[in-house]
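This report concerns only the one structure given below.
Note that the numbering runs from 1 along the sequence shown for the chain.
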Amino acid sequence: MTRTKKVIGGIVLFLLLLIVAIVIFIATFDWNRLKPTINEKVSTELQRPFAINGDLGVQWSRKRDERGWRSWVPWPHIHAEDISLGNPQDVPGDYTARLKRIEASIAPLALLHREVYLPRITLVSPDASLKRLANGKNNWTFNLANSDEKDSQKPVSPWSFQVDDIVFDRGKIDYQDAIAKADIHLTVNPLGKPVAMAELTGSGDDKQAAAKNDNNYIFGWKAEGTYNNEPLSGSGKIGGMLALRSAGTPFPLQADVRSCRTRVAFTGTLEDPLNFGGLNLRLRLAGENLGDLQGLTGVVLPDSPPYNTDGHLVANFKGKNAGRYRYEKFNGKIGQSDIHGTLEYRQGKPRPSLSGELVSNRLRFADLWPLIGADSGTASGKQAAKTKSIQPSDKVLPYDKFDTASWSKMDADVKFTGEDIEHGDALPLSDLYTHLKLDNGELLLDPLRFGMARGTLNATIRLEGQRTPMRGRADLHARGLQLKALFPSVEAMRSSMGQLNDDAQFTGTGNSVAALLGSSNGNLRLLMNDGIISRNLMEIAGLNVGNYVVGKLFGDEQVKINCAAADVNVNNGLAQPRLFLFDTENAVIHVDGTTNLGTERLDLSINPDSKGARIVTLRSPLYVRGTYKNPSAGVKPGPLVARGAAAVVLGAVVTPAAALLALISPSGGEDNQCAPILKEMNIKK
């Protein structure tokens with residue numbers, strides 16, 4: 001053998017011996033000797049305690065499912081036991097995460113082209129404890145030791161990392177949040193029993209979708225605890241790691257969560273899951289009060305009767321539409337009213353916003369009462385207790401306070417249409433339309449429009465919720481309300497061609513309807529012609545005091561009203577008529593006195609002035625006193641004082657009469673009967 005061959009042979013033998021020595025060293029090396037170094041390095045990088053407390057080892061074995069010569073290449077199988085990750089110093093608690101054991105295999109040939117490839121990671125009894133304090137600090141945000149370096153200064157690693165699957169026997173997550181007032185315990189099991197799709201939406205199409213996509217779900221989960229200090233429970237399913245890391249494969253999600261008496265159920269997908277691209281869900285909401293959803297969703301909604309909705313939610317978290325949530329073509333009910341439409345919620349500065357259009361084909365008017373703090377009789381649970389606890393037993397006006405603090409948290413631009421309005425025969429309403437705008441705590445309803453008794457009621461309402469106390473303004477205009485439509489059950493009114501017109505403007509301060517009216521300033525002008533008044537009419541309207549007064553004035557007869565006119569001034573909640581009269585076929589009836597909207601007390605005098613000898617029962621003026629809740633009426637003692645009510649009114653009042661002339665419009669092609677009376681007032685002055 002030549003010298004060259006001997007040298008080459010020696011080198012080859014040395015290399016073989018070196019490889020064998022390395023293999024023997026790796027196979028027999030006690031990897032536990034590296035634990036102190038690993039623990040120290042990871043703790044320093046994560047800036048929190050990290051420790052492998054149990055055994056750390058590597059086993060080598062062939063992957064016999066590989067083809068050809070690759071099946072002879074040994075793979076390292078790494079395992080570590082009793083792993084713990086502690087909390088940062090400013091978050092109390094024993095740990096952020098713990099593992100009883102972790103196992104993983106590394107593909108050795110992938111290392112040759114700088115790829116760390118782990119086909120599967122196996123976790124045994126994973127346990128996480130997530131916390132957020134009242135100051136906003138949490139234990140799931142990692143401040144890496146070199147995180148203050150700019151991205152442009154960090155070298156780009158040529159290595160890549162890939163995991164195909166993560167499996168575990170049973171996982172547990174505890175979540176405590178002082179801000180959300182949450183204490184939730186979540187358990188996750190592989191191949192958990194799926195939540196029935198029929199429970200989420202109840203449709204046959206969803207049952208088929210559930211059967212088709214059932215194999216996409218890998219883990220089932222259950223949750224229980226409290227959220228916003230209310231009991232919470234839920235269950236659902238999620239997909240596996242392969243779907244999670246694939247941008248082109250939507251990650252399947254399914255959940256049914258109940259918090260107190262609110263239920264949120266959905267099924268759908270998370271797009272581009274690792275980058276949290278967006279959501280595409282079939283979403284169902286149900287509960288006793290829409291206002292309760294603010295704690296779960298962050299969306300400011302008004303109080304309401306029990307509700308349920310079913311629609312399609314599309315959410316975007318990236319690109320120009322980031323922070324956009326669109327609840328499309330949903331259908332549902334609020335109280336006994338149906339609701340349909342599309343709403344869009346956008347996160348942004350200075351406030352998030354809600355916009356959209358809503359339609360109710362059949363709107364029960366009582367379902368709107370909670371919007372103004374009144375008890376509709378349909379509320380239950382917390383909402384009913386809230387209303388009843390605030391409303392004084394001896395008061396009529398709503399005392400429930402507007403939640404103006406929440407108005408500044410979100411802006412809104414929502415249009416609402418109510419096509420068929422159910423309010424019984426007492427108040428014929430139709431065709432509600434309003435455009436609601438909420439901007440920096442200021443609420444505007446412009447217009448707020450009803451069809452009423454074949455006429456229209458237009459209003460503009462502004463509530464300045466950013467002020468303390470709140471300041472409000474209301475402008476109302478009623479035109480062409482037909483009396484025979486306004487009182488359809490009154491037989492004598494069916495032949496009436498009369499109508500009612502009204503203007504009212506009020507301003508006030510306070511955080512409830514009662515407070516706003518109790519401090520209000522403004523005026524009310526009303527004009528009605530060609531009507532009928534009777535005890536029967538008062539009974540239908542539910543006016544017991546009016547029933548008494550009419551009975552004392554006219555007995556049981558129906559009396560024709562040529563004209564009714566009112567011009568009422570309101571000053572700091574005290575309403576006093578400058579003009580309030582009824583011109584009937586038998587007499588002119590003048591009403592004066594005061595009514596206090598703040599104390600809800602009445603002190604009115606009704607003074608009739610007979611036009612002839614037909615009314616012989618009018619011996620004394622009448623009074624109406626007491627409270628709105630318990631009014632009383634009676635006859636003033638002593639003979640009728642010859643006040644000459646008509647002469648006083650016609651001779652002394654000019655400005656109110658002139659103002660009321662603007663409310664006159666022709667009815668039935670004939671002159672309004674109030675016109676000559678009001679003109680005569682002005683002439684006599």
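Annotation for Val73 and Pro108: closest pair CG1-CG, 3.7 Å, computed over non-hydrogen atoms. Between Asn53 and Ser84, the shortest heavy-atom distance links the atoms ND2-OG, 3.5 Å. In terms of heavy atoms, Phe402 sits closest to Met470 at CD1-CE, 3.6 Å. In terms of heavy-atom proximity, Ile334 sits nearest to Ser304 at CG2-CB, 3.9 Å. Smallest separation of non-hydrogen atoms from Lys409 and Arg351: O-CB, 4.1 Å. Closest approach of Ser105 and Pro119 over heavy atoms only: O-CD, 3.3 Å.
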Give the intermediate values and the outcome of salt bridge (Lys or Arg N to Asp or Glu O under 4.0 Å) for residues Lys437 and Asp413.
-> CA-CA 5 Å; Lys437 292 183 178 180; Asp413 188 340; 5.0 Å; no

Please test Lys131 against Asp177 for salt bridge (Lys or Arg N to Asp or Glu O under 4.0 Å), starting from the C-alpha separation and ending with a verdict.
-> CA-CA 6 Å; Lys131 290 186 177 181; Asp177 192 330; over 6 Å; no

I would like to know whether Leu343 and Leu354 meet side chain to side chain contact (heavy atoms under 4.5 Å, CB included); could you show each step before the answer?
-> CA-CA 7 Å; Leu343 291 173; Leu354 180 71; 4.2 Å; yes

Tell me, with the steps shown, if Asn316 and Tyr325 meet side-chain hydrogen bond (donor to acceptor under 3.5 Å, both in side chains).
-> CA-CA 7 Å; Asn316 297 278; Tyr325 301 78; over 6 Å; no

Could you give me the CA-CA distance, side-chain angles and deciding distance for Glu344 and Arg324, then say whether salt bridge (Lys or Arg N to Asp or Glu O under 4.0 Å) is met?
-> CA-CA 7 Å; Glu344 184 175 298; Arg324 174 184 174 187; 3.0 Å; yes

Test side chain to side chain contact (heavy atoms under 4.5 Å, CB included) on Val414 and Glu357 and set out the steps.
-> CA-CA 6 Å; Val414 179; Glu357 295 191 17; over 6 Å; no

Begin with the C-alpha distance, continue with both residues' side-chain angles, and end with the deciding distance and a verdict on side chain to side chain contact (heavy atoms under 4.5 Å, CB included) for Asp82 and Arg98.
-> CA-CA 7 Å; Asp82 191 9; Arg98 295 187 303 195; over 6 Å; no

Kindly determine whether Leu123 and Val167 satisfy side chain to side chain contact (heavy atoms under 4.5 Å, CB included), including the steps that lead there.
-> CA-CA 6 Å; Leu123 308 177; Val167 298; over 6 Å; no

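Note: Ile38 CD1 to Ser43 OG = 11.0 Å, rounded to the nearest 0.5 Å. Taken to the nearest 0.5 Å, the CZ atom of Arg258 stands 9.0 Å off from the OG atom of Ser235. Note that CG of Leu436 is 5.0 Å distant from CG of Leu443, once rounded to the nearest 0.5 Å. Here the straight-line distance linking atom CG of Leu301 with atom OG of Ser406 works out to 9.5 Å at 0.5 Å rounding. Taken to the nearest 0.5 Å, the OG atom of Ser125 stands 9.5 Å off from the NZ atom of Lys172. Here Met410 contributes atom CE and Arg346 contributes atom CZ; the two are 14.5 Å apart, rounded to the nearest 0.5 Å.
Looking at Pro305 and Leu290, their side chains never come closer than 4.5 Å, going by heavy atoms from C-beta outward. Using a 4.5 Å heavy-atom cutoff, the side chains of Ile339 and Lys333 are not in contact. For the pair Ile78/Ile106, a side-chain contact is recorded, criterion being any heavy-atom separation below 4.5 Å from C-beta on. Counting heavy atoms from C-beta on, the side chains of Pro88 and Asn139 come closer than 4.5 Å. Considering only heavy atoms from C-beta on, Leu46 comes within 4.5 Å of Leu85 through its side chain. No side-chain heavy atom of Leu232 sits less than 4.5 Å from a side-chain heavy atom of Glu224. At least one side-chain heavy atom of Leu293 sits under 4.5 Å from a side-chain heavy atom of Leu285. Residues Glu288 and Thr262 fail the side-chain proximity criterion, which asks for heavy atoms closer than 4.5 Å.
Side chains of Asp183 and Tyr175: no donor on one and acceptor on the other come within 3.5 Å. Judged purely by distance below 3.5 Å, without hydrogens or angles, the side chains of Asn87 and Thr96 pair a donor atom with an acceptor atom. Side-chain polar atoms of Asp411 and Asn440 form no donor-acceptor pair below 3.5 angstrom. Thr269 and Glu271 form a side-chain donor-acceptor contact under 3.5 Å, judged by distance and modelled atom types alone. A donor and an acceptor atom, one from each side chain of Tyr327 and Thr309, are located under 3.5 Å apart.
Checked against Asp310 for a salt bridge (charged side-chain N to carboxylate O under 4.0 Å, His left out), the options Arg282, Arg284, Arg263 give a single hit: Arg282.
A side-chain donor-acceptor contact under 3.5 Å links Ser408 to the backbone of Ala405. Remark: the backbone N or O of Leu270 is not paired with any side-chain donor or acceptor of Asn280 at under 3.5 angstrom.
In this structure, the ring of Phe219 has its center less than 6.0 angstrom from the ring center of Phe168.
Within 6.0 Å of atom CD in Glu328, more than 12 heavy atoms from other residues, nucleotides or ligands are found, so the atom counts as buried in its surroundings. The neighbour count for Glu115 CD, taken as heavy atoms of other residues, nucleotides or ligands under 6.0 Å away, is above 12. Remark: Lys35 NZ is packed, more than 12 non-hydrogen atoms of other residues, nucleotides or ligands lying under 6.0 Å away. Shown here is Asp94, whose CG atom has no more than 12 heavy atoms of other residues, nucleotides or ligands within 6.0 Å.
Seen from the ring of Trp75, Arg62 does not count as a face-on cation partner, given the 6.0 Å and 45° thresholds.
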